[in-house]
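Read through the structure below, which is laid out as structure tokens, and then see the notes.
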Amino acid sequence: MPRKRLLWQLYPTYLLITLIAILSIGWYAVNSLRQFYFDRTVTDLEVRAHLVERLVSKNFTPNNLSSLDALSKEIGKSASMRVSLIHPSGQVLGDSHEDPARMDDHAARPEIREALSGKKGMSIRFSRTLQRKLMYLAIPVFRQGQVIGVVRTSIPVTFIDSALRSIEIKIGLGGVVVALFAAGISLLVSRRITRPLEVMRRAAEGFARGDLTGKVPVPDSLEMGELAEALNEMARQLDDRIRSITAERNEREAVLSSMVEGVFAVDAAGRFISMNQAAADLIGVDSEKCQGRNIQEMVRNNDLQQFVEKALSSRQVVETDIILSGVQSRNLQARGTILNDDNDNSIGALIVLNDVTRLRRLENVRRDFVANVSHELKTPVTSIKGFVETLLEGALDNSEDAKRFLEIISRQVDRLNAIIEDLLSLSRLEQDPDSFALQLEEAPLKELLQSAIQACENQAVKQSATVRLKCEESLRARINPPLLEQAVVNLIDNAIKYSGPKKAVEVVGEEQEDAIVIQVQDWGSGIGKEHLPRLFERFYRVDQARSRELGGTGLGLAIVKHIAQVHKGSVKVDSALGKGSVFSIHLPKKPENL
Ligand code: ADP
């Protein structure tokens with residue numbers, strides 16, 4: 001059913017009540033008035049009849065016909081009513097409006113009959129004589145206790161009707177005026193009742209839209225006033241609660257979004273309820289788009305889907321490792337806990353994802369490193385042990401062999417020493433790169449490069465190699481001189497070692513657009529492209545046998561890389577097989593970047 005405005009429910013009701021009241025009062029007034037007027041007319045007719053009776057009672061006989069008739073006509077004219085004098089025989093002795101001779105026997109008329117029986121007679125009926133409806137009142141005329149005639153007075157009913165009609169019209173007009181007035185007042189009253197409700201409705205709609213700051217004006221009436229105050233109180237409490245809920249939610253979201261771990265929750269059907277940014281980034285989805293969508297639909301990874309299903313169906317905490325393939329594959333450690341409501345019913349699951357990619361990679365690196373170190377150390381140790389055993393078994397007696405074997409043992413010990421030295425350097429660099437960074441100082445580069453070349457002089461002489469230096473005297477950089485010298489020594493050493501005899505090595509220090517660059521170039525064997533990406537890894541060698549033969553540890557370039565990093569710089573290599581190599585250390589130019 002269509003709903004009506006309260007105004008249109010109240011107003012017609014008020015109007016109807018008012019109209020019914022006016023009509024009933026009008027009807028009652030008109031009826032009372034009619035009765036009153038009727039009674040008064042009857043009394044009036046009776047009084048007049050008695051007056052006439054007084055006048056006619058003495059000579060009320062058919063003998064006085066003419067005088068009685070004349071008297072009737074006179075009274076009738078002066079009293080503007082009809083007067084009839086009737087003999088008990090029914091003969092009309094006089095009539096104010098007609099010639100009695102022409103009138104019939106009146107004995108059968110109801111009022112006459114009543115009067116003849118000694119009582120007052122009254123009737124309203126059509127007069128054949130006057131051809132109109134009349135109100136008759138007849139009284140008996142007594143003489144010595146005998147009814148000697150009847151005096152009848154009458155007036156046309158239309159007299160009464162017209163008199164009443166004018167009063168009715170006035171009452172009707174009055175009623176209409178009162179009704180109009182009442183209609184106006186009803187409208188005002190209905191408005192007065194409904195207007196505050198309208199204002200409250202609008203305010204409540206505002207509350208529903210979330211505008212809880214507005215206040216409902218409090219109307220004068222007690223009930224409406226209390227309702228408005230209740231609404232205002234409700235809005236205030238609602239505002240307080242929403243504020244505290246929002247604050248709690250913001251805090252929760254702040255905590256969630258600041259977490260490194262990816263966290264998301266799904267409902268019992270596997271639809272996303274919430275997800276923090278870290279989770280969205282890890283899974284590679286848009287957290288907004290995931291809201292309310294099923295995990296099967298949004299996440300392509302089968303393992304993760306199955307894990308969420310397992311978390312939803314298990315009452316215990318579940319854990320697993322998941323590999324997410326993508327542009328970059330990621331190792332995730334997932335932990336799932338069931339979510340329960342107050343009644344301990346499962347309503348979903350909370351999944352926490354930990355990106356352990358780096359950890360796993362480091363574990364692998366460490367495993368490889370341990371294996372490599374063991375292998376590197378094992379080779380000279382096995383060799384030393386072999387020669388010591390040979391010596392013990394008798395080779396010691398042959399002084400020439402013994403000397404040769406001891407020389408080999410000494411070389412292997414040097415090799416072990418070199419490996420241990422390099423490992424120690426690396427571990428120092430790795431353990432505390434920041435403390436090295438703090439020791440950086442503004443120092444001239446040319447001096448440092450000269451000193452590095454000098455350190456390789458023995459090697460250069462052995463290989464008949466020439467080492468050239470190109471560097472501006474004024475070139476300075478923020479460096480840790482002993483470390484950087486070690487890095488340059490490693491590069492020059494490699495260049496001489498892997499170029500073969502009688503080759504040139506060029507060391508250049510120069511200022512480029514965005515860095516200070518130290519280059520060590522050789523024109524030796526060069527390195528295949530496929531090796532370049534892994535060249536700076538620990539123990540990575542292009543040619544294992546050759547490196548060992550030349551006394552390499554496989555750690556030189558790894559040390560160079562770490563030294564460059566301590567200087568917040570980088571190391572690069574450019575090489576072509578058979579043409580030679582260029583290794584360069586790039587140091588940041590602006591001291592404030594350090
Ligand atoms: P190593 O102690 O074996 O020299 P490095 O870390 O210094 O270890 O070097 C790693 C590998 O890179 C070497 O084994 C060698 O094969 C290759 N390499 C380094 N420098 C050069 C170079 N200047 N020319 C050719 N190959 C080089």
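Ligands are counted one by one from 1 in listed order, and the atoms in each one are counted from 1 as well. Note: hydrogens, waters and symmetry copies are ignored here, and every other heavy atom, side chains too, is used. Along the sequence shown, the residues carry numbers beginning at 1.
- The two residues Phe307 and Ala334 make their nearest non-hydrogen contact at CE2-CB, 3.5 Å.
- Residue-ligand proximity, Ser581 to ligand 1, at heavy-atom distances under 4.0 Å covers atoms 24 (N).
- Within the 4.5 Å cutoff, the side chain of Asn490 has no heavy atoms near those of the Leu557 side chain.
- No donor-acceptor pair under 3.5 Å is formed between the side chain of Asn354 and the backbone N or O of Val356.
- Although no hydrogens or angles enter the test, the distance criterion places no donor-acceptor pair under 3.5 Å between the side chain of Thr553 and the main chain of Ile419.
- Of all the heavy atoms of His531, none lies under 4.0 Å from any atom of ligand 1, so neither backbone nor side chain is involved.
- In this structure, Asn490 has no heavy atom closer than 4.0 Å to ligand 1.
- Annotation: Glu472, atom CD; neighbour count of heavy atoms from other residues, nucleotides and ligands within 6.0 Å does not exceed 12.
- Taking atom 23 (N) of ligand 1 as the reference point, the nearest protein heavy-atom neighbour is Asp522 OD2, 2.9 Å.
- Heavy-atom distances between Gln544 and ligand 1 stay at or above 4.0 Å for every pair.
- Of all atoms in ligand 1, listed by their number and element, those nearer than 4.0 Å to a heavy atom of Gly556 are 5 (P), 6 (O), 7 (O).
- The shortest contact between atom 26 (N) of ligand 1 and any protein heavy atom is with Ile527 CG1, 3.4 Å.
- Close contacts between ligand 1 and Ala495 involve ligand atoms 23 (N) [criterion: under 4.0 Å to a heavy atom].
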- Query: Please walk me through it: do Glu376 and Arg541 pass salt bridge (Lys or Arg N to Asp or Glu O under 4.0 Å)?
  - Reply: CA-CA 12 Å; Glu376 291 296 327; Arg541 296 173 171 108; 2.6 Å; yes
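- For ligand 1, the atoms lying closer than 4.0 Å to a non-hydrogen atom of Tyr540 are 10 (C), 11 (C).
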- Item | Derivation and outcome, salt bridge (Lys or Arg N to Asp or Glu O under 4.0 Å), residues Lys385 and Glu389 | CA-CA 6 Å; Lys385 190 171 166 47; Glu389 276 170 6; 3.0 Å; yes
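- Remark: Asp286 CG is packed, more than 12 non-hydrogen atoms of other residues, nucleotides or ligands lying under 6.0 Å away.
- Closest to atom 6 (O) of ligand 1 among all protein heavy atoms lies Leu557 N, 2.8 Å.
- Any N or O atom pair closer than 3.5 Å counts here, and Phe583 shares no such pair with ligand 1.
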- Query: What's the verdict on side chain to side chain donor-acceptor pair (under 3.5 Å) for Gln296 and Glu309, showing C-alpha distance, side-chain angles and the deciding distance?
  - Reply: CA-CA 10 Å; Gln296 311 279 353; Glu309 271 172 34; 2.7 Å; yes
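- Using modelled atom types, no side-chain atom of Asn345 and backbone atom of Asp341 make a donor-acceptor pair closer than 3.5 Å.
- Between Gly554 and ligand 1, at least one pair of N/O atoms sits closer than 3.5 Å.
- Using a 4.0 Å cut-off to heavy atoms of Leu535, the atoms of ligand 1 that qualify are 12 (O).
- At most 12 non-hydrogen atoms from other residues, nucleotides or ligands lie less than 6.0 angstrom from CZ of Arg361.
- For ligand 1 and Ser547, the ligand atoms under 4.0 Å from any heavy atom of the residue are 1 (P), 3 (O), 14 (O).
- For atom 7 (O) of ligand 1, the closest non-hydrogen atom of the protein is Asn494 ND2, 2.7 Å.
- Atom 17 (C) of ligand 1 has as its closest protein heavy atom Val542 CG2, 3.9 Å.
- Of all protein heavy atoms, the one closest to atom 4 (O) of ligand 1 is Tyr498 OH, 2.7 Å.
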